[in-house]
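To start, the structure under review is shown below, and the notes come after it.
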Amino acid sequence: MLIDSIRRNSIGLGIFAVITAGTIALTQTLTAPRIEANKLSAATKALDEMVPAAKHDSPFFKHVITLPAGTLGNEHAAEVLQSVLQGQVNAVFLPVVTHKGYSGDIRIIVGVWSNGDLAGVRVVEHKETPGLGDKIETRKSSWIENFTGKSLANTTGEQWHVKKDGGEFDQFTGATITPRAVVGAIHDALEYFQANKGQLLTLAGATK
């Protein structure tokens with residue numbers, strides 16, 4: 001009797017596990033395209049905010065430069081998108097990852113005009129503390145928009161820090177680590193642009 005009971009329970013658990021695993025796999029399969037589409041839509045919206053339609057006449061995803069893994073904090077090869085107007089690259093979008101966030105990596109897109117000024121900055125992925133570190137998002141605060149127009153030419157190296165460290169940029173009450181990480185990552189991106197602008201501003205072959 002006991003053996004029969006164990007056998008029946010084991011079979012029941014096995015069937016439950018199979019059904020659960022199948023449901024999860026099916027859900028992931030069905031939702032993956034929608035998730036990717038949402039990510040692409042969010043990225044496109046962010047790029048459009050930094051370089052408006054009047055400033056480019058070619059899709060952002062058409063001219064792309066691939067960066068080797070390890071560049072700008074990216075663990076894998078990453079793509080620099082070019083903004084093109086009348087056949088000339090007038091801005092680039094640098095993919096940057098800082099590993100100095102409070103709760104892990106923070107992924108950022110840094111838009112840089114060809115003259116070295118920041119077209120804008122957007123945080124596209126993070127795990128910072130809700131209500132504190134998440135103020136780096138535009139939907140939570142306008143803090144990130146303070147970088148627009150900044151450059152290595154109009155802001156000194158000492159100024160490229162949060163105010164608590166003697167710099168120019170505000171930190172958040174109770175959350176200094178997050179803005180400190182973002183400020184440092186943006187400065188690093190501008191230095192990378194300055195060192196590699198010859199390549200970055202050369203029109204890449206169309207990908208489509």
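We use all heavy atoms of the structure for the numbers below, so side chains are in, but hydrogens, waters and symmetry mates are not.
The closest donor-acceptor contact from the side chain of E75 to the backbone of G70 lies at 3.5 Å or more, if one exists at all. A distance-only check finds no donor-acceptor pair linking the side chain of S83 to the backbone of V92 [under 3.5 Å]. Listed for the T202 side chain is a donor-acceptor partner under 3.5 Å among the backbone atoms of G198. Side-chain atoms of T178 do not come within 3.5 Å of backbone N or O of A175 as any donor-acceptor pair. Listed for the Q88 side chain is no donor-acceptor partner under 3.5 Å among the backbone atoms of L85. Between the side chain of N90 and the main chain of K55, a donor-acceptor pair closer than 3.5 Å is present. For T129 (side chain) and L132 (main-chain N/O), no donor-acceptor pair under 3.5 Å exists by modelled atom type. Of the possible donor and acceptor atoms, none in the side chain of D105 sits under 3.5 Å from a partner among the backbone N and O of N74.
Taking 4.5 Å as the limit, some side-chain heavy atom of F193 sits within range of a side-chain heavy atom of L94. With a 4.5 Å cut-off on side-chain heavy atoms, H126 and D134 count as touching. T71 has its side chain within reach of P68: a pair of non-hydrogen atoms, C-beta onward, lies under 4.5 Å apart. Between H56 and D48 there is a side-chain heavy-atom pair separated by less than 4.5 Å.
Residue L190 is grouped with residue V96 when hydrophobic side chains (ILVMFWY) are merged at heavy-atom distances under 4.5 angstrom, including chains of intermediate members. When the side chains of ILVMFWY residues are joined at heavy-atom separations under 4.5 Å, either directly or via intervening members, I106 and I177 end up in two distinct hydrophobic clusters. Put simply, V97 and V124 are part of two different groups of oily side chains (I, L, V, M, F, W, Y) that touch within less than 4.5 Å, one to the next. When the side chains of ILVMFWY residues are joined at heavy-atom separations under 4.5 Å, either directly or via intervening members, L47 and V84 end up in two distinct hydrophobic clusters. In this structure, M50 is not a member of the same hydrophobic cluster as V123, with clusters built from ILVMFWY side-chain heavy atoms closer than 4.5 Å.
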Take V121 and I109 through the side chain to side chain contact (heavy atoms under 4.5 Å, CB included) test and state the conclusion after the steps. CA-CA 6 Å; V121 181; I109 298 176; over 6 Å; no

Decide salt bridge (Lys or Arg N to Asp or Glu O under 4.0 Å) for K150 and D117; before the verdict, give the C-alpha distance in whole Å, the side-chain angles of both, and the deciding distance to 0.1 Å. CA-CA 6 Å; K150 296 294 184 183; D117 291 351; over 6 Å; no

Check against salt bridge (Lys or Arg N to Asp or Glu O under 4.0 Å), K163 and E168: CA-CA 5 Å; K163 289 181 177 177; E168 176 175 323; over 6 Å; no

Dump the intermediate steps for side chain to side chain contact (heavy atoms under 4.5 Å, CB included) on R122 and I108, then the final yes or no. CA-CA 6 Å; R122 292 293 183 273; I108 306 168; over 6 Å; no

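Once rounded to the nearest 0.5 Å, the distance linking NE2 of H161 with CD of Q159 reads 11.0 Å. The distance from atom NE2 of H76 to atom CG of L67, rounded to the nearest 0.5 Å, is 14.0 Å. Atom CD1 in I186 sits 4.0 Å away from atom CZ in F147 (nearest 0.5 Å). The distance from atom CG of L203 to atom OG of S58, rounded to the nearest 0.5 Å, is 8.0 Å. With rounding to the nearest 0.5 Å, the separation of CH2 in W143 from CD in E137 is 12.5 Å. For the atom pair CD (Q82) and CZ (F61), the distance works out to 13.5 Å, reported to the nearest 0.5 Å.
Nearest heavy-atom pair across V80 and P95 is CG2-CD, 3.9 Å. Contact detail for A189 and L72: the closest heavy-atom pair is CA-CD2, 4.1 Å. Closest approach of F93 and G111 over heavy atoms only: CD2-CA, 3.9 Å. Between T98 and A185, the closest heavy-atom pair is CB-CB, 3.9 Å. Closest approach of A91 and V51 over heavy atoms only: CB-CG2, 4.2 Å. S151 and G116 make their closest contact through CB-O, 3.3 Å (heavy atoms, listed as atom of the first residue, atom of the second, distance).
Taking the six-membered ring where the residue is Trp, the centroids of F169 and W160 are separated by under 6.0 Å.
None of L152, V112, N154 except one satisfies the side chain to side chain contact (heavy atoms under 4.5 Å, CB included) rule with L118; the exception is V112. With Q171 as reference, K164 is the one residue of K135, R180, K164 to meet the side chain to side chain contact (heavy atoms under 4.5 Å, CB included) rule.
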